[in-house]
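This one's a predicted model, so the numbers in the text were calculated from it and none came from an experiment. The chain is numbered in sequence order, starting from 1.
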Amino acid sequence: MLDKNVVALLNDQINKELYSAYLYLDFSNYCEAQGLDGFANWYKIQAQEERDHAMLFYQYLVNNNEEIVLEPIAKPERKFEDVLGVLKQGLEHEEYVTSLIHNLYGAAQKVNDFRTTQFLDWFVKEQGEEETNANDLVTKMELFGGDPKSLYMLNSELGARVYSAPSLVL
């Protein structure tokens, strides 16, 4: 049996991951409307990853005979005026998710829940990759986004991204 606070945080993380999927779908919708189908593809895949992350937390709770508590998922509010704004908000959001994972890890560590910390190790590594990817997109857009040919190439690069399911074993 897991600590009640850890279970509550794990349940909350399911909601946060599903919100992330909604947010990235909204980003995708915006990019699609701007004619940037590659950026839209990149964020659709991000949305799929976030849904998969939610399901990993869900399955972890199931595997530990804990109750799943699903809460309403908030509607994303647009806070950007251009594609660079989308990318910057994506980076900020990944940094926020990293803080959530760290808080969850700390709560599990505090009660010597080694099983949960081991489960969360993958997410700690994943968040490092997510922040790097988001930061790289911001950097590339700042460097090349003002040049139509470079923007076209970046859009094409992002359009080539394909979905790959997470390799975490529960």
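- Inter-residue side-chain proximity for F80 and F27 is flagged as met; some heavy-atom pair is nearer than 4.5 Å.
- Side-chain contact between V97 and E50 is absent, with no heavy-atom pair separated by less than 4.5 Å.
- In this structure, Y58 OH and N63 CG are separated by 11.0 Å, a value rounded to the nearest 0.5 Å.
- By the rule that hydrophobic residues join a cluster once side-chain heavy atoms approach within less than 4.5 Å of another member, F144 and M153 end up as members of separate clusters.
- Rounding to the nearest 0.5 Å places CD of Q13 at 11.0 Å from CG of L61.
- One N or O on the side chain of N64 and one on the backbone of Y60 form a donor-acceptor pair closer than 3.5 Å.
- Taking CD1 of I101 as the reference point, atom CD of E17 lies at 5.5 Å (rounded to 0.5 Å).
- Of the N and O atoms on the side chains of N135 and E131, not one donor lies less than 3.5 Å from an acceptor on the other residue.
- No donor-acceptor distance shorter than 3.5 angstrom exists from the side chain of D3 to the backbone of A108, with no hydrogens or angles considered.
- Between H53 and E130, some side-chain heavy-atom pair lies under the 4.5 Å cut-off.
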Subject >> Evaluation steps, side-chain contact (heavy atoms from CB on, under 4.5 Å), between E66 and L10 >> reply: CA-CA 10 Å; E66 295 293 346; L10 288 164; over 6 Å; no

**OP:** Give the C-alpha distance, both sets of side-chain angles, the deciding distance and a yes or no for side-chain contact (heavy atoms from CB on, under 4.5 Å) between L158 and L137.
**Re:** CA-CA 10 Å; L158 297 178; L137 283 177; 3.5 Å; yes

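- Between the CD atom in E77 and the CD atom in Q89 there is a gap of 10.0 Å [rounded to 0.5 Å].
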**OP:** Could you check E129 against K125 for salt bridge (charged side-chain N to carboxylate O under 4.0 Å, His left out), going step by step and ending with a plain yes or no?
**Re:** CA-CA 7 Å; E129 292 172 9; K125 181 178 180 280; 2.9 Å; yes

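- Atom CG of L18 is separated from atom CE of M55 by 8.5 Å, given to the nearest 0.5 angstrom.
- Expressed to the nearest 0.5 Å, how far CG of L23 lies from NZ of K75 amounts to 13.0 Å.
- Between the side chain of E94 and the backbone N or O of Q127 there is no donor-acceptor pair closer than 3.5 Å.
- Contact annotation: the side chain of L154 never approaches that of L36 to less than 4.5 Å [non-hydrogen atoms, C-beta and beyond].
- In the hydrophobic clustering of this structure, V86 does not group with L25; members are Ile, Leu, Val, Met, Phe, Trp, Tyr whose side-chain heavy atoms approach within less than 4.5 Å, directly or through other members.
- With hydrogens and angles left out, the side-chain atoms of Y105 and D121 include a donor and acceptor closer than 3.5 Å.
- Judged by distance alone, with hydrogens and angles left aside, the side-chain atoms of Y24 form no donor-acceptor pair with the main-chain N or O of Y19 at under 3.5 Å.
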**OP:** Please report the C-alpha distance between T117 and F119 in whole Å, then the side-chain angles of each, then the deciding distance to 0.1 Å, and finally whether the side-chain contact (heavy atoms from CB on, under 4.5 Å) criterion is met.
**Re:** CA-CA 5 Å; T117 56; F119 167 72; over 6 Å; no

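- In this structure, Y152 and S156 have side chains that are in contact, with non-hydrogen atoms separated by less than 4.5 Å.
- Side-chain contact, Q46 with R51: no donor N or O sits under 3.5 Å from an acceptor N or O.
- The environment of CZ in R115 is sparse: at most 12 heavy-atom neighbours from other residues, nucleotides or ligands sit within 6.0 Å.
- Under the 3.5 Å distance criterion, the side-chain polar atoms of N11 are matched with a main-chain donor or acceptor of V69.
- For A40 against C31, the heavy-atom pair with the smallest separation is N-CB, 3.7 Å.
- You'll find the side chain of L87 stays beyond 4.5 Å of the side chain of K140, heavy atoms only.
- K88 and E142 are joined by a salt bridge, as a carboxylate oxygen and a charged side-chain nitrogen come within less than 4.0 angstrom of each other.
- Of the possible donor and acceptor atoms, one in the side chain of N15 sits under 3.5 Å from a partner among the backbone N and O of P72.
- Formation of a donor-acceptor pair under 3.5 Å by the D37 side chain with backbone atoms of E32 is not found in this model.
- By the 4.5 Å heavy-atom criterion applied to side chains, L9 and F57 are not counted as neighbours.
- Counting heavy atoms from C-beta outward, M1 and N65 have side chains that stay 4.5 Å or more apart.
- Note on L143 and L151: separate hydrophobic clusters, where clusters join Ile, Leu, Val, Met, Phe, Trp and Tyr whose side-chain heavy atoms are under 4.5 Å apart, directly or indirectly.
- Using a distance-only test at 3.5 Å, with no hydrogens or angles considered, no donor-acceptor pair links the side chain of T116 to the main chain of D113.
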